[in-house]
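This one's a predicted model, so the numbers in the text were calculated from it and none came from an experiment. Note that these values count all heavy atoms, side chains included, but never hydrogens, waters or copies made by symmetry. Every chain is numbered from 1 and lettered A, B, ... according to where its sequence line falls, protein lines coming before strand lines.
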There are 2 protein chains.
Amino acid sequence: MLTDRQQQLLDYLRDYHSETGLMPSTREIQNHFGFASQTAAVSHLRALEKKGVIQRVAGKARALVFPEELEREEIVDIPIYGHIAAGMAAEAEQEQEGCLSIDISSLGIPRNAKTFALRVRGDSMIDAHIVSGDCVVLEFREPRNGDIVAALIDGETTLKRFVIQDDQPYLQAENEMYPDLTPARELIIQGVMVALLRRGEGKVA
Amino acid sequence: MLTDRQQQLLDYLRDYHSETGLMPSTREIQNHFGFASQTAAVSHLRALEKKGVIQRVAGKARALVFPEELEREEIVDIPIYGHIAAGMAAEAEQEQEGCLSIDISSLGIPRNAKTFALRVRGDSMIDAHIVSGDCVVLEFREPRNGDIVAALIDGETTLKRFVIQDDQPYLQAENEMYPDLTPARELIIQGVMVALLRRGEGKVA
DNA sequence: TTCCTATGCTTACAGACCGACAACAGCAAT
DNA sequence: ATTGCTGTTGTCGGTCTGTAAGCATAGGAA
């Protein structure tokens, strides 16, 4: 669909944009390709626009947009803390393992929700179909009865179902092999599960 | 952290950017807020930059960037077809239910991989911990033994494990209640599972 | 063959767009 | 009393897009 030269132009636009966050001006394109005029750059941009891979806004500087980016929903960046979220409650930012960026409508949360993610270790939630290695997205809010929550117990975070019975909250593992946990003193809930991301696929056992 | 006025500025930048894909010039900011000069806009931008919520590039037009966007990994847009992917094999784009946008490193796939997503219906893969309602991301490529695949059978797409035994491929459900499927004629594999997204959380049964 | 269109360039110029700076000022909080 | 916030007037000079006019090559259609 695109000619070689046009592909080179497009690659340059993408590189420039991902490095600087901006789009190049026609003269910057000119210099990069060694054109003697910016008109050459303009005509290429026109060609790219006609083929639909970029959009231009007349009269405005650096006014190039990739159509995908325009149509895209708003993206949120969710920090991934390790398995251990201890200290989280103290609002101290601890080591981030990385970041998960995803559009809000796929996640189904409001844009202003405070969220973070944890990587699951162990099989205590296996009956809720959450397996070791899964990445769980949690929202920082009050838990409701039956929510799956990340709770801080003995300095370590675990994922359990939050159940209230007779006005008494306790934590329930979704695995027959694990006992229920009734809080000794107080129960610190770090977040409520709102989504799960599994990367790869459970390979054959 | 931000003053009211600065928040208004920032909101305007976000709105403008999400609508047009561009950033406003200082004079556009001026007009929007009714300033008598663009210097007012500039000084606000400087304040926002000092507080770290935007970055500016000196001397370039419309050269404002949100830091989150710069740090963000590359995002891919994955079309979500319905439960039924029939016709997919024919390369005909059928109704899209929506789009899943996520960064490539969280997904763990190469940027040029051809991917699509399907919403899972039924419980035939329950033992692989894939439940009804899950959104499965698939890559269009040749399956390997043990991969979980979307396959076209009788005009409907199902998710099964792809197994080769004695040079004979067949499809295996991950649920004791379902039988294995040996292809009557040929087996059309539409994609290989590379990730899974579960929205919400399996509420208490 | 001939016409026509798409590609890929050049030179030259107009004119608006745009960021930067200098200098100043009222107001609030520390 | 100084700093930060929120503005004003005015100007300078480079940036940036747009347009006009032209040239060469290649491929498809008439």
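Proximity of B/Thr3 to the phosphate of D/dT6: a side-chain N or O atom is located under 4.0 Å from OP1 or OP2. In this structure, A/Ser37 reaches the C/dT10 phosphate: one of its side-chain N or O atoms is under 4.0 Å from OP1 or OP2. For A/His44 and C/dG8, the shortest distance from a side-chain N or O to OP1 or OP2 is below 4.0 Å.
One atom, CZ of B/Arg46, and another, P of C/dG19, lie 12 Å apart when rounded to the nearest Å. If you take CG of B/Leu10 and P of D/dT6, they are 13 Å apart, rounded to a whole angstrom. In this structure, B/Phe33 places its CZ atom 9 Å from P of D/dG7, rounding to the nearest Å. Spacing between atom CZ of A/Phe35 and atom C1' of C/dT11 amounts to 15 Å, rounded to whole angstrom units. Between B/Gln6 atom CD and D/dG7 atom P the separation is 10 Å, expressed in whole Å.
Taking the C1' atoms of five terminal pairs at each end of the helix from C/dT1-D/dA30 to C/dT30-D/dA1, the two resulting helix axes are inclined by 40°, rounded to 10°.
Between the side chain of A/Glu69 and the backbone N or O of A/Phe66 there is no donor-acceptor pair closer than 3.5 Å. Between the side chain of A/Lys51 and the backbone N or O of A/Leu2, no donor-acceptor pair lies under 3.5 Å. Side-chain atoms of B/Gln168 do not come within 3.5 Å of backbone N or O of B/Gln165 as any donor-acceptor pair. With B/Arg198 contributing its side chain and A/Val136 its backbone, the two residues share no donor-acceptor pair below 3.5 Å. Judged by distance alone, with hydrogens and angles left aside, the side-chain atoms of B/Arg199 form no donor-acceptor pair with the main-chain N or O of A/Ala195 at under 3.5 Å. Checking side-chain atoms of B/Asn145 against main-chain N and O of B/Ile164 turns up a donor-acceptor pair under 3.5 Å. Side-chain atoms of A/Asp15 do not come within 3.5 Å of backbone N or O of A/Tyr12 as any donor-acceptor pair. For A/Gln30 (side chain) and A/Gln38 (main-chain N/O), a donor-acceptor pair under 3.5 Å exists by modelled atom type. A donor-acceptor contact shorter than 3.5 Å links the side chain of B/Asp134 to the backbone of B/Val131.
A search for salt bridge (Lys or Arg N to Asp or Glu O under 4.0 Å) contacts involving A/Arg72 returns B/Asp77, not counting sequence neighbours. Applying the side chain to side chain donor-acceptor pair (under 3.5 Å) criterion to A/Glu71, with sequence neighbours excluded, gives no partner residue. Partners of B/Glu139 by salt bridge (Lys or Arg N to Asp or Glu O under 4.0 Å), not counting sequence neighbours, listed by chain and number: B/Arg141. In terms of the salt bridge (Lys or Arg N to Asp or Glu O under 4.0 Å) criterion, residue partners of A/Arg56 (sequence neighbours excluded) are, by chain and number, A/Glu49. Listed by chain and residue number, A/Asp11 satisfy the side chain to side chain donor-acceptor pair (under 3.5 Å) test with A/Gln7 (two or more places apart in sequence, or in another chain). For B/Ala40, the side-chain contact (heavy atoms from CB on, under 4.5 Å) partners are B/Phe35, B/Ser37, not counting sequence neighbours.
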Could you run down nucleotides 22-30 of chain C 5' to 3' and tag each one B, S or - for protein heavy-atom contact under 4.0 Å? B--------
Under 4.0 Å protein heavy-atom contacts per nucleotide of nucleotides 23-29 of chain D, with B for base, S for backbone only and - for none: -------
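Nearest nucleotide to the A/Arg5 side chain, out of C/dC9, C/dG19, D/dT17: C/dC9. Among the nucleotides D/dT8, C/dC13, D/dT6, the one closest to any side-chain atom of A/Gln38 is C/dC13.
Of the residues in residues 11-30 of chain B, none has a non-hydrogen atom less than 4.0 angstrom from any atom of DNA chain D. Near-neighbour residues of DNA chain D inside residues 50-65 of chain A, defined by a heavy atom below 4.0 Å, number-ordered: A/Arg56, A/Ala58, A/Gly59, A/Lys60, A/Ala61, A/Arg62.
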Report, one line per pair, each donor and acceptor closer than 3.5 Å where one atom sits in a side chain of residues 106-116 of chain A; sequence neighbours left out.
from: A/Ser106; atom 1: OG; to: A/Asp103; atom 2: OD1; distance (Å): 2.9
from: A/Ser106; atom 1: OG; to: A/Asp103; atom 2: OD2; distance (Å): 3.0
from: A/Arg111; atom 1: NH1; to: A/Glu74; atom 2: OE1; distance (Å): 2.5

